[in-house]
Amino acid sequence: MAEAQNIPVGSTTAGAIAVAAEADSTVATRMSAPPSFDVADFPVPHGREEEWRFTPLERLRGLHDGTATATGEGVKVAVEAPEGVTVETVGRDDARLGRAGTPVDRVAAQAYSAFEQASVVTVPKETVLTEPIRIAVHGEGGTAYGHQVVELGAFAEAVVVIDHTGDAVLAANVDYVLGDGAKLTVVSVQDWDDKAVHVGQHNALVGRDASFKSVVVTFGGDVVRLHPRVTYAGPGGEAELYGLYFTDAGQHQEHRLLVDHNVPHCKSNVAYKGALQGDDAHAVWIGDVLIEAKAEGTDTYEMNRNLVLTDGARVDSVPNLEIETGEIVGAGHASATGRFDDEQLFYLMARGIPEIDARRLVVRGFFAELVQQIGVPDIEERLIAKIEEELEASVA
Amino acid sequence: MATLEIRDLHVTVEADNATKEILKGVDLTVKQGETHAIMGPNGSGKSTLAYSLAGHPKYTITGGTVTLDGEDVLEMSVDERARAGLFLAMQYPVEVPGVSVSNFLRTSATAVRGEAPKLRTWVKEVKEAMERLNMDPAFAERNVNEGFSGGEKKRHEILQLELLKPKIAILDETDSGLDVDALRVVSEGVNRVRETGEVGTLLITHYTRILRYIKPDYVHVFSAGRIVESGGAELADKLEEEGYEAYTKGGASA
Ligand SMILES: Nc1ncnc2c1ncn2[C@@H]1O[C@H](COP(=O)(O)OP(=O)(O)OP(=O)(O)O)[C@@H](O)[C@H]1O
Ligand SMILES: [Mg+2]
């Protein structure tokens with residue numbers, strides 16, 4: 001796929017760079033209610049709100065209107081952590097919950113209002129882990145609300161892999177709290193069965209000089225709608241947000257990002273890539289980057305690319321950059337959606353390469369650069385294998 | 001001896017909701033070891049012939065036959081044709097982002113040869129072939145045709161020709177967009193392959209310039225979707241002097 005030369009039918013790519021004169025954020029005004037921990041502060045969405053207009057509400061199984069009741073069983077969370085890491089299950093009133101961000105929509109607030117227990121994983125200051133922390137969320141058909149906190153003390157370093165598998169209706173938020181100089185890589189894999197519904201908000205609060213790397217990988221589920229969000233607690237912070245999705249027939253996969261440059265001299269880099277195939281495969285990508293007036297010295301770039309492999313798939317991609325100060329290092333965005341290029345396929349096949357191998361080469365090539373950014377070898381291999389598996393299924 | 005036989009080939013394309021016949025009965029036989037130049041004005045259907053032989057899905061065969069050593073080429077998929085020994089050097093080679101030249105070459109050599117080439121000899125083979133075409137070794141790590149200049153794309157096509165060793169090579173305007181030095185390098189590449197005596201070459205061109213480097217055994221004039229005259233190398237000289245006018249007028253009224 002060359003640069004966005006062909007926007008297929010059934011795709012929208014809108015983009016905006018707004019330079020606001022005063023702190024009258026359009027990101028904020030687009031939401032139907034201000035952030036809140038209380039679900040009662042959000043009206044039940046009807047689907048025409050800016051933040052819900054792409055989402056099939058009728059497939060959320062009641063997560064958005066209060067009718068989804070937790071089943072108590074049926075979603076299991078298992079944390080496997082190397083020595084030196086504290087893993088606790090805590091009640092709703094634990095003071096460490098909810099510090100990285102406030103729910104911005106009704107389902108996130110519903111999750112926050114409804115969970116009974118939360119899990120808190122703490123890596124003490126200056127602890128450098130050599131093995132990842134693994135959090136397995138496995139659905140056995142139940143409905144659940146959850147909350148997860150991952151906290152790194154100053155100068156701690158860790159890799160966290162959160163794996164979502166099985167079948168569930170799940171609304172769960174995650175807080176990542178990074179102390180000064182901490183380094184956290186989080187890989188959240190949504191490898192759900194076909195019927196699963198998963199909605200959540202991932203908030204990162206990046207400490208002074210800390211580095212946060214998030215890799216969001218979405219393959220499965222009927223509806224997956226995630227809000228990865230970053231704010232900074234001090235200058236010098238860096239956030240890299242990578243995402244990879246493979247949207248099959250009938251699936252709705254929505255990633256809505258926000259990076260709030262609320263302090264000076266922080267960096268962010270966002271790169272999401274998705275492949276779509278099959279009828280009614282629908283991917284939505286919203287990338288909001290806000291550079292507040294006080295955030296001088298900001299350096300940010302965001303990018304979304306989509307590769308549409310077959311007819312009948314739809315992409316909505318909306319990068320949105322709001323700049324309230326001119327005193328920045330750099331700010332940019334890009335969005336491109338291209339069809340799987342039959343000319344590429346022809347070229348490769350004209351060199352003797354069978355169709356399935358040719359498709360595999362092109363799709364693997366499309367994702368390769370992004371996969372290399374992950375920096376966790378066993379995850380990289382797993383992703384490549386998973387991509388191949390998805391392709392295999394498509395050609396069969 | 002490998003033989004490509006094209007008989008009364010008719011081809012249409014869909015354009016603007018209409019079906020347009022581009023090839024109107026092409027007859028041609030190309031044997032291993034022979035070089036045929038096909039010359040004709042812009043839009044006469046030369047690339048259509050090349051793409052149709054390679055199996056491009058945009059072109060619909062509405063009549064005629066194409067066989068390679070008696071096998072029905074038109075029944076084969078694009079990749080099967082390539083594995084059967086047909087090679088098309090394209091007029092406009094396609095960019096394939098994210099796929100490195102080295103990965104691409106090895107994947108295609110594996111497909112065409114039926115087994116993966118031994119890594120050690122393969123690396124040497126590619127390196128030497130690239131040197132002969134004055135290609136920087138750094139090309140191996142670049143993505144296929146991405147950001148290549150016109151001349152680099154054509155060298156890359158001929159590199160593939162040298163590595164894949166087809167029975168029949170169709171070179172569609174390999175000379176276009178090349179300066180004199182690049183034309184010489186590319187022609188030498190084609191000649192190395194021809195000198196093996198194992199390839200039949202169908203050299204499609206608009207200009208006679210390349211024929212100074214690659215001597216054809218036969219020259220065919222292509223106009224309005226068919227071959228309107230055939231002769232030896234001397235026909236090219238006539239075209240050089242007189243141009244295509246005589247043929248295009250005749251073709252239009254026919
Ligand atoms: N895919 C296509 N869709 C529509 N029309 C086509 C297509 N391919 C070829 N044609 C038309 O068929 C005719 C022959 O085109 P073709 O490219 O085969 O000519 P050519 O002889 O190779 O010309 P040139 O010397 O410019 O390369 C032209 O009128 C062209 O517009
Ligand atoms: Mg042509």
Side-chain angles (χ1 to χ4, degrees), chain A residues 1-6 242 244 246 271-275 303-311 334 336-374 380 383-384 387-388 391 395, chain B residues 50-59 76-116 142-147 153 156-157 159-161 163-166 169-170 172:
Chain A
M1 183 189 67
E3 202 74 24
Q5 345 126 306
N6 45 11
Y242 299 120
L244 193 159
F246 205 117
Y272 269 61
K273 282 188 168 190
M303 179 274 269
N304 175 230
R305 291 247 154 95
N306 295 286
L307 179 59
V308 179
L309 300 174
T310 65
D311 287 338
T337 295
R339 225 175 238 283
F340 186 91
D341 188 338
D342 290 337
E343 295 298 327
Q344 288 177 17
L345 192 62
F346 172 73
Y347 187 74
L348 296 171
M349 289 176 71
R351 298 305 178 246
I353 302 171
E355 177 168 354
I356 174 154
D357 295 332
R359 284 185 177 274
R360 214 178 275 158
L361 266 181
V362 171
V363 176
R364 206 196 292 171
F366 175 73
F367 283 123
E369 208 186 331
L370 191 64
V371 171
Q372 283 158 15
Q373 310 272 6
I374 294 172
E380 291 182 6
L383 288 188
I384 290 168
I387 291 166
E388 312 255 285
L391 280 168
V395 182
Chain B
Y51 277 129
S52 302
L53 295 175
H56 194 292
K58 271 199 189 133
Y59 300 92
M76 299 179 198
S77 60
V78 176
D79 52 315
E80 284 168 350
R81 296 179 196 204
R83 293 198 297 273
L86 274 182
F87 178 86
L88 167 61
M90 291 184 209
Q91 184 173 4
Y92 304 108
V94 181
E95 295 184 7
V96 192
V99 178
S100 71
V101 167
S102 69
N103 186 12
F104 165 66
L105 292 177
R106 194 169 160 79
T107 307
S108 63
T110 302
V112 167
R113 296 178 190 182
E115 60 176 354
R142 291 182 53 184
N143 291 333
V144 172
N145 291 321
E146 206 177 52
K153 284 183 181 163
H156 181 232
E157 294 295 287
L159 174 65
Q160 296 166 53
L161 170 70
L163 293 171
L164 299 179
K165 303 182 175 64
I170 304 156
D172 189 4

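Predicted model only: the values in this text are computed from it and were never measured. Just so we're on the same page: letters track the sequence lines, and every chain starts at 1.
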Identify the residue among A/Arg305, A/Glu369, A/Gln344 that makes a side-chain contact (heavy atoms from CB on, under 4.5 Å) with B/Pro97.
->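 The side-chain contact (heavy atoms from CB on, under 4.5 Å) with B/Pro97 is passed solely by A/Gln344 among A/Arg305, A/Glu369, A/Gln344.
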Of the backbone (N, CA, C, O) and the side chain (C-beta and beyond), which part of B/Asn145 lies under 4.5 Å from a heavy atom of chain A, both, or neither?
->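 Just its side chain gets close to chain A.
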Measuring heavy-atom distances to chain A, does B/Pro166 have an atom under 4.5 Å in its side chain, in its backbone, in both, or in neither?
->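 For B/Pro166, no heavy atom lies under 4.5 Å from chain A.
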Identify the heavy atoms of B/Ala82 and A/Ala350 that sit nearest to each other, and give their distance.
->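 Scanning both residues, the minimum pair turns out to be CB-O, 3.3 Å.
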Return the minimal non-hydrogen interatomic distance between B/Asp79 and A/Ile353, and the atom names on each side.
->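 For B/Asp79 versus A/Ile353, the nearest heavy atoms are CB-O, 3.4 Å.
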Qualifying residues under side-chain contact (heavy atoms from CB on, under 4.5 Å), relative to B/Val112, sequence neighbours excluded =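 By the side-chain contact (heavy atoms from CB on, under 4.5 Å) rule, B/Val112 matches B/Leu164.
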Name all residues meeting the ring-ring contact (aromatic ring centres under 6.0 Å, His included) criterion together with A/Tyr242; count only those two or more places apart in sequence or in a different chain, and write none if there are none.
->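 Partners of A/Tyr242 by the ring-ring contact (aromatic ring centres under 6.0 Å, His included) criterion come out as none, since no residue qualifies.
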Check whether any side-chain heavy atom of B/Val94 sits under 4.5 Å from a side-chain heavy atom of A/Phe346, and report yes or no.
->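 Sidechains of A/Phe346 and B/Val94: no contact.
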Proximal component of A/Glu343, with respect to chain B [non-hydrogen, under 4.5 Å] =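 Backbone plus side chain of A/Glu343, per the 4.5 Å heavy-atom cut-off to chain B.
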Output the option from B/Asn103, B/Thr107, B/Leu105 having the highest count of non-hydrogen pairs under 4.5 Å with chain A.
->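 Sorted descending by pairs with chain A, the first entry is B/Thr107.
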Distance from A/Met349 atom CE to B/Arg83 atom CZ, nearest 0.5 Å?
->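 Reported value, rounded in 0.5 Å steps: 8.0 Å.
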